[in-house]
Amino acid sequence: MTNIPDSYDPDRIESNWQDEWQDSDVYEFDPSDSDTQYVIDTPPPYPSGNLHLGHGLGWSYIDFSARFHRLQGDAVLFPQGWDCHGLPTEVKVEEVNDIHRTDVSNEEFRDLCVEWTNARIEEMKQTMRELGFSQDWSAEYRTMDPEYWGQTQESFVEMADDDMVYRDEHPVNWCPRCETAIADAEVENVDRSGTLYYVTFEGVGNDDIEIATTRPELLAACVGMAVDPDDERFADRVGDTFEVPLFGQEVELVADDDVDPEFGTGAVMICTFGDKQDVDWWAEYDFDLRPVFTEDGHLNENAGEFEGLSIDDAKDEIADALDDEGVLVDSEPTEQSVGACWRCDTPIEILSKEQWFVEVDQDLILEKADDVEWIPEHMHDRLVDWTESMEWDWVISRQRVFATPIPAWECRDCGYWHIASAAECPVDPNEESPAVGECPECGSGATPEESRGAGGEAAETNWRGETDVMDTWMDSSITPLHISGWPQDIDLDDFEPVDLRPQGHDIIRTWAFYTLLRTGALTDEKPWDDILVNGMVFGPDGNKMSKSRGNVVEPDEAIEEYSADAVRQALALGGRPGSDVQFQWKEVKSASRFLTKLWNIVKFAGGHFDEDTPDIADPAYRDADRWILSELTRVADEVEAEMEAYRFDAALRRLREFAWEDLADDYVELVKGRLYNGRPGERAAAEKTLYTAVTSVVRMLSVFSPHVTEEIWQHLPGTEGSVHNAAWPDPDYLDEDAEVAGRHIAETASEVRAWKSESGMPLNEDLDRVELYFEPGQNGKLDTYDLSETVNAPIKLVEGRPDVELVPVDVDGDESEIGPEFRSEAGAVLQGIEAADPAEIQAQIHSGDTVTVEAAGESYDLDADWLSVDEEYRAESGEEVTVLEASFGTILIYE
RNA sequence: GGGUUCGUGGUCUAGUUGGUUAUGACGCGGCCCUUACAAGGCCGAGGUCGGUGGUUCGAAUCCGCCCGAACCCA
C-alpha cells in the first residue's frame, strides 16, 4: 500500500520538485559515470529577460533529449550559456539610465551593461526552472565574462595565426544609425515605396543620355554609367563620356551583362557605393572612389553645397536642384527592395572602411555541413543556399562598446598591426599594452613591463589599442569548443564533434553558419553530429505571436492555468520537430487530463503494492498479464526508436495510447477481479505485472513530464533516488500468442462493457453466461478467468459459428489479391462480386476452393480465400440472446 | 523574381515502401456515479484528404499544372 495523495496537485508538486532539484546533482554531468556521453550545444539566448514559448519549444526538445539520454545511461551535458553582448543591450542601458554611451567611460558603461544583463538572465532562468528544464547549472557560461570572451579572443588569435583573420579596407555594410559595420547576415531586405527619377546627363563631345535612379543623393558619388551590351538603344554609345549634373565630374559609359535593360531607361549610374552591384562594377572597371556619405548618415565634402545634409534630406534637395537645372525629365512612384539593419530597420549604406575580416571558406563550410545530420533534412538546403550566396568575407569588427575587444594594437609610428598571443587573453587592448614590447616592424620603443596592468598607461607607449570590438557571433560561434573544455582541458586538435546542436531555423545563416565556419577553420572537424532545427510557436489564432495582435501566450500563464508537465506535452505534440507549432489550449488541457488519468492509474495500482511487490518471483502470469507485458515490450522499443529519431510527438503519442487505452482501459479493468478476489498467487501475478507496467511508463514519461513522474516515483516501492537517474525500461516479454489472446480478451470485455452501457445497465451487472465463437483460423484458446470476472459471467469458448440465424448480406473481395491478379479487369471483377448474390457466393465458398463470378459478361474464377462474406443476425431462435460481432468471430450474451 | 515547407471533419493533428470502414484530440449532442478516475466511462453526428489532370486494377499517399498559406533568399 502506498500513500499517494488522493488528488493530483500540480502546483504543489512542481514547485516542490523544482526546489529539490535546485539543490541536488541529478542533472550534473559526470563523465566518470558512464562510458558514453551525450553533449548538447545548447543555444545561449540573448538575455532579453523574457523567455517566451518559442524558447519553450526549443528547450523542451533539448530537455526531452537530455532526459532520454540520461535514462539511456549516457553522461549528459546540458549546459546553459548566455549570449550577452550586443547593441540591443547598449540601447536599453542608454534608455534606462538616460545617458548616451559617450557620457561615461567605456568601463563604466560596460559595467552598467553587465549589471542589466545579469538581472535579465535571472528572469529567464526563473522561467526555465518553472518549465522543468534540466540544465547542469555548474556548466553555465556568459559570453560577457572575461573567461569566456578571453576564449573568443584566443580563437581570434588562432585564426589570425592561420591567416584566416585579417585587417583590410573593403566596402562593408554600414548602419548609419548604429554607426557600425554589419555583416551580410545582419542585413535584411525590406520593401519600400520610393521615387524613380529620370535624369539627363549632358554628353561631353557626344549626345546626352538619360538614366533612371531612385537615389539622386548619390549623384556626387557617381563614377560611371552602364548599359546592357545588347541594348539596341545604346548601340555604338559605349565609351561616350558625360558630365554628372550639379557636381560636374565626367563619367564614361560601359557595357555590362548585369544591367537590367527593363529597368528605367536601360542606363544606370554607378556610384561608390549604391549597392553591392556598384562594388562589383567599381572593382571590375577600376572606377574612382568618391565616397559621399559620412558614418552617421550625412553627406560629406564631396557633395559640395549639399554637405551636411542627411541622406533623406539630400534626396529631396538634390531632386529639386535637378529640376531647377532642367535635367529632371520625369519622376514616378516605384516599389523597391532595400537592405536594412536587422536591429533598427534603417537602410544600410555601403562604405569603404578599414575593418577586421574573417575569411569565408565556402568549400570547408559546405563539407562540414554535409557531414552533419540535419533534422529535418531540408534545413540543410537553407545553409547551402546561404553559403553559396556569400560574396564577401565576414566583417567582424564593430564600432561599439559592449562586446569582446579585438586583441590588437597599432604602432603609432609605422601603422603595423600587432595581434595578441593566446597567452595574453583575455586582454583589453585599451587598458593594456602588448607583451611584445617594441614594434616588430619598426622597432619603435615601448616599455611594456611598467605600462602593463594599469589602466590608461597603454597610451604612454607607441601602441594604440584597437577600439573596435567583435561581432557577437564571434562569441557564440565557438560554443561547441567552449562546452568541450577548450582551451583548459583540450587542445583544438583534440576536439571531437558534440552530439547535438538544437536551434531555430531563423538562425541557420548566422549561428549554424558561423559555428560551422569557425569550428571547421579551428579544428577541421564538424561541430556536431546532429542538428535539430525547431520551428516557431504561433499563437492560438494561428498567427505569429505579437503584442499588437494580442495573441501572446506567456509560459507562466499556461503553467498557472494547467501545469508545466502539461505544457511540455502540448509542445511535444504540436507537430513533428521542425514544423511550426500552433499553441493550443486544448492540447494543454488534454495533456492535463492525461496526467490526472496517470495519477489515478498509479493511485489504483499503488493500492495493491507493498514493499515486497518488486521482488515477486516467478509469478503465475495469466494471458492478460502476458499480453500487457508483451505490449509494454513493444512500446518501450518503439518509443526508444522514436526518441532516437527526435520524433518526440510520435513517442509521446505512443506512450499515452499505451497508458490510457491498453493499461488503464483494458488491463486494469481486466485484473480488478483478480486483485480484489483472487487467491494470493493469482493476485501476485497481477500485482507484479501492474508494477512492471507502471514503473516503466513512469520512467518513459519522465522525459516529457518530469515533475509528476518524480512525485510518483518517490511513492512507489522499490525505487531509489530520482526517476531522472533511473534506467530506461528494458522489458523482454514478447509473446505473440499472448498478444492474440489478450486482444481477444480485451476486445470482448470492451464490447460487453459498451453493450451494458448502451443497454443502461450497471457495468457490474451479472450475466447468465457469455459465449465466444471463433471463426475458422482464429486461435480460440484463451484464459477466461479475468474476462469472466470483468464481464461478470461464466465464459464459454466455441470453435465455429453460433447456432443463430445468420444471413449473408455482403461480399468483400481482397483488393490486394484481386488487383494484381486481374490487373485492368480487376475493377469489373470487384463490381461483379458486389453485384452477386451473397448467399450464392457463400454456397460456392463452402463447396470448394474456387468461386466463379460473372462480371461484364465474362466468368472469372477466384480463389475462395480472396472473398469474405459479411453476415448479419436477422432473427434469434430459441433462447433469447444478444449477438455482438467481434474481429475474431461472434460474442453471444445470455442475460 | 528564385527556393523550401505545407493544405486531411468546426479547430488542431496522425497517416513518408500506393491496398478493406482515413487516426486521435478539443469542441458539439445524447446516455451513465461503475469500490483508481464525473478532472471519468459509453454512444453519436461531423471529412468528395485544397482544385484539377495523369500514372495504376487501385491514390490522402506517386507525377504535372492551378489555387491558397507560411518561411528563406534576391
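If you find the closest nucleotide of RNA chain B to A/F604 and to A/G827, the one lying nearer the 5' end belongs to A/F604. Residues A/R656 and A/S592 each lie close to RNA chain B; by heavy-atom proximity, the contact nearer the 5' end of the strand is made by A/R656.
Distances were taken from every side-chain heavy atom of A/W386 (C-beta onward) to each of B/rC73, B/rG40, B/rG24; the shortest belongs to B/rC73. Candidate nucleotides B/rA39, B/rC37, B/rG3 were compared by shortest atom distance to the side chain of A/D385, and B/rG3 ranks first. Distances were taken from every side-chain heavy atom of A/R576 (C-beta onward) to each of B/rA39, B/rG15, B/rC42; the shortest belongs to B/rG15. Nearest nucleotide to the side chain of A/D580, out of B/rG41, B/rA70, B/rC57: B/rA70. Side-chain proximity of A/S824 to B/rC37, B/rU35, B/rC57: nearest is B/rC57. Closest approach to the A/R653 side chain among B/rU34, B/rA39, B/rU13 is made by B/rU13 (side chain taken as heavy atoms from C-beta onward).
To the nearest whole angstrom, the two C1' atoms, one in B/rG30 and one in B/rA69, are 38 Å apart. Remark: the separation of the C1' atoms in B/rU8 and B/rG46 is 14 Å, to the nearest Å. B/rC49 and B/rA59 have their P atoms separated by 12 Å, given to the nearest Å. Look at the C1' atom in both B/rC63 and B/rU55: the space between them is 7 Å, to the nearest Å. Only the P atoms considered, B/rU23 is 14 Å distant from B/rG47, to the nearest whole Å. Straight-line distance between the C1' atoms of B/rU21 and B/rC37: roughly 32 Å, to the nearest whole Å. Distance noted for atom C1' between B/rG24 and B/rA14: 7 Å (whole Å). Nucleotides B/rU11 and B/rA74 have their P atoms positioned 36 Å apart, rounded to a whole Å.
Residue contacts for A/A664: at a heavy-atom cut-off of 4.0 Å it reaches a base atom on one of the strands shown. Among the protein residues, A/P820 comes within range of the nucleic acid bases, having at least one heavy atom under 4.0 Å from a base atom. In this structure, A/V829 reaches neither bases nor backbone, as no heavy-atom distance under 4.0 Å exists between it and the strands shown. Here A/E669 lies in heavy-atom contact (under 4.0 Å) with a base. Looking at heavy-atom distances under 4.0 Å, A/K544 makes contact with sugar-phosphate atoms alone, never a base. Across all strands, A/R823 comes closer than 4.0 Å to base atoms (heavy-atom distances). The residue A/W660 sits close only to the backbone: its heavy atoms come under 4.0 Å of sugar-phosphate atoms, none of a base.
A donor-acceptor pair under 3.5 Å is absent between the side-chain atoms of A/K597 and the main chain of A/A659, judged by distance alone.
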Using a 3.5 Å limit on both pairing distances, list the dot-bracket string of RNA chain B from the 5' end; Watson-Crick and G-U wobble pairs count, crossing pairs take [ ], interstrand pairs take |. (((((((..(((......[....))).(((((.......))))).....(((((..]....)))))))))))).
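Figure legend: A/R501 and A/W511 shown as a cation-pi pair, the cationic atom lying under 6.0 angstrom from the six-membered ring centre and within 45 degrees of its axis. Both the sub-6.0 Å distance and the 45° axial angle are satisfied by A/K672 relative to the ring of A/F604.
Contact annotation: A/R593 reaches the phosphate of B/rC26 (side-chain N/O to OP1 or OP2, under 4.0 Å). For A/R647 and B/rG15, the shortest distance from a side-chain N or O to OP1 or OP2 is below 4.0 Å. Considering only side-chain N and O atoms, A/K597 lies under 4.0 angstrom from the phosphate OP1 or OP2 of B/rG41.
One atom, CH2 of A/W511, and another, P of B/rC72, lie 19 Å apart when rounded to the nearest Å. Straight-line distance from the CZ atom of A/F513 to the P atom of B/rC73: 13 Å, rounded to whole Å. When rounded to the nearest whole Å, the span between CZ of A/R509 and P of B/rC72 equals 8 Å. Between the CD1 atom of A/I507 and the C1' atom of B/rC72 there is a distance of 14 Å, rounded to whole Å. Separating the CZ atom of A/R753 from the C1' atom of B/rU34 is a distance of 10 Å, rounded to the nearest angstrom. Computed from coordinates, the A/W755 CH2 to B/rU34 P distance equals 17 Å when rounded to whole Å. Protein atom CD of A/E661 is 13 Å distant from nucleotide atom P of B/rU23, rounded to whole Å. A/N189 places its CG atom 8 Å from the P atom of B/rC73, with the value rounded to the nearest Å.
Side-chain to base pairing of A/S590 with B/rA25: no donor and acceptor N or O lie closer than 3.5 Å to each other. The base of B/rC26 does not come close enough to the side chain of A/K589 for any donor and acceptor atom to sit less than 3.5 Å apart.
Nearest heavy-atom pair, A/A558 versus A/V567, reported as atom, atom and distance to 0.1 Å: CB-CG2, 3.6 Å. When all heavy atoms of A/H505 and A/G535 are compared, the closest pair comes out as CD2-CA, 4.0 Å.
Counted by atom type alone, A/N543 and A/N551 present zero donor-acceptor pairs between their side chains at under 3.5 Å. Side-chain contact annotation: A/E825 with A/Y860, donor-acceptor N/O pair under 3.5 Å present.
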Please encode protein proximity along nucleotides 4-11 of chain B as a string of B, S and -, counting only heavy-atom distances under 4.0 Å. SS-----B
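Under 4.0 Å is where a charged nitrogen must lie from a carboxylate oxygen, and between A/D278 and A/K276 no such pair does. The pair A/R654-A/E657 meets the salt-bridge criterion, since a charged nitrogen lies less than 4.0 angstrom from a carboxylate oxygen. Salt-bridge annotation for A/D625 and A/R674: present, with a side-chain N of the basic residue lying under 4.0 Å from a carboxylate O of the acidic one.
The neighbour count for A/E560 CD, taken as heavy atoms of other residues, nucleotides or ligands under 6.0 Å away, does not exceed 12.
The aromatic ring centroids of A/W660 and A/F658 lie 6.0 Å or more from each other. Aromatic pair A/Y61/A/F648: ring centres closer than 6.0 Å.
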